[in-house]
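Here's the structure, in structure tokens; my notes come after.
The chain is numbered in sequence order, starting from 1. Any value given below was found using the heavy atoms of this structure, including those in side chains, with hydrogens, waters and symmetry copies removed. As the structure lists them, so they are numbered: ligands from 1, and atoms in each ligand from 1.
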Amino acid sequence: MQGFGNAFGTRRIFSYHVMMEKILVIEDEKTIQNLVKAYLENEGYRVLTADTGTAGLDVFQRENPDLIVLDLNLPYMDGLELAYRLRQTSDVYILMLTARAEEDDRITGLKSGADDYLTKPFSPREMVARVEALLRRKRQQVVQINEISYHHTEINLLRHEAKAGGKLLDLTPTEFKLLWTLMEKREEVLGREYLLKRVWGGDYYGNDRVVDVYVGQVRRKIEEACGCTLIETVRGVGYKFVDEVN
Ligand code: CA
């Protein structure tokens, strides 16, 4: 009977944890703040709110939320500045709310460290879906992964092997690490700074153009192996590992 107890106990703790994931909503427009809060609470999340960037930073430091819904236009400290500051110390997921669908805003938002963005006016259901997608990503990352296989490519950490189109890639340790990092976050745009930090480590003080050089090398080796281009350049932002560049 002990066995059953453990099994059920573990399961209950897991769902409780998921249910109680904390979300911080930083938005000065009360109607939107209330709407976002109501929809997220309805999904079982614990929702905290702040009306300004500075208040949001306080709540963040005190409560350590799992995700932040962050409005771009805020009094005192705007969403961009806040996102930059959060990124100095935290990997918390950020869903940015922007007022305009202009390309500049989107790129600036993503460069500032937001993981996703939504343009106002947005559907509350879509907002909930985006939040769920980000939190799902977070939960998956908790599980230790040693192998990633994506369309033409496969990479195995334990065997230290990478293949494209079934052919073994001859990668240096840094190139291998770079490919792993790109594949781990496939279909996501990764900035040079992020890649520098993940692949070269926090104490690298060189030029971030080193990323371009290494991406070029990995891309060429993949192309030679399978004849396909899998690392896309996203101008002004960074790189994305995709199924295939068209
Ligand atoms: Ca606002």
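For residues 154-183, every residue pair satisfying the ring-ring contact (aromatic ring centres under 6.0 Å, His included) rule, not counting sequence neighbours, is listed here: H160-F176.
Atom CZ of F60 sits about 11.5 Å away from atom CG of L70, to the nearest 0.5 Å.
Counting only distances under 3.0 Å, and ignoring water, the protein N, O or S atoms around the Ca ion (ligand 1) are D28 OD1, D71 OD2, N73 O.
Residues meeting the salt bridge (Lys or Arg N to Asp or Glu O under 4.0 Å) test with R62, sequence neighbours left out: none. Under the side chain to side chain donor-acceptor pair (under 3.5 Å) criterion, T174 pairs with no residue at all, not counting sequence neighbours.
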Practice problem: Apply the test side chain to side chain contact (heavy atoms under 4.5 Å, CB included) to residues E193 and R87: give CA-CA distance (whole Å), side-chain angles for both, the deciding distance (0.1 Å), then the verdict. | Solution: CA-CA 11 Å; E193 274 174 42; R87 277 291 168 264; over 6 Å; no
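Residues Y93 and D116 bring no donor and acceptor atom of their side chains to less than 3.5 Å of each other.
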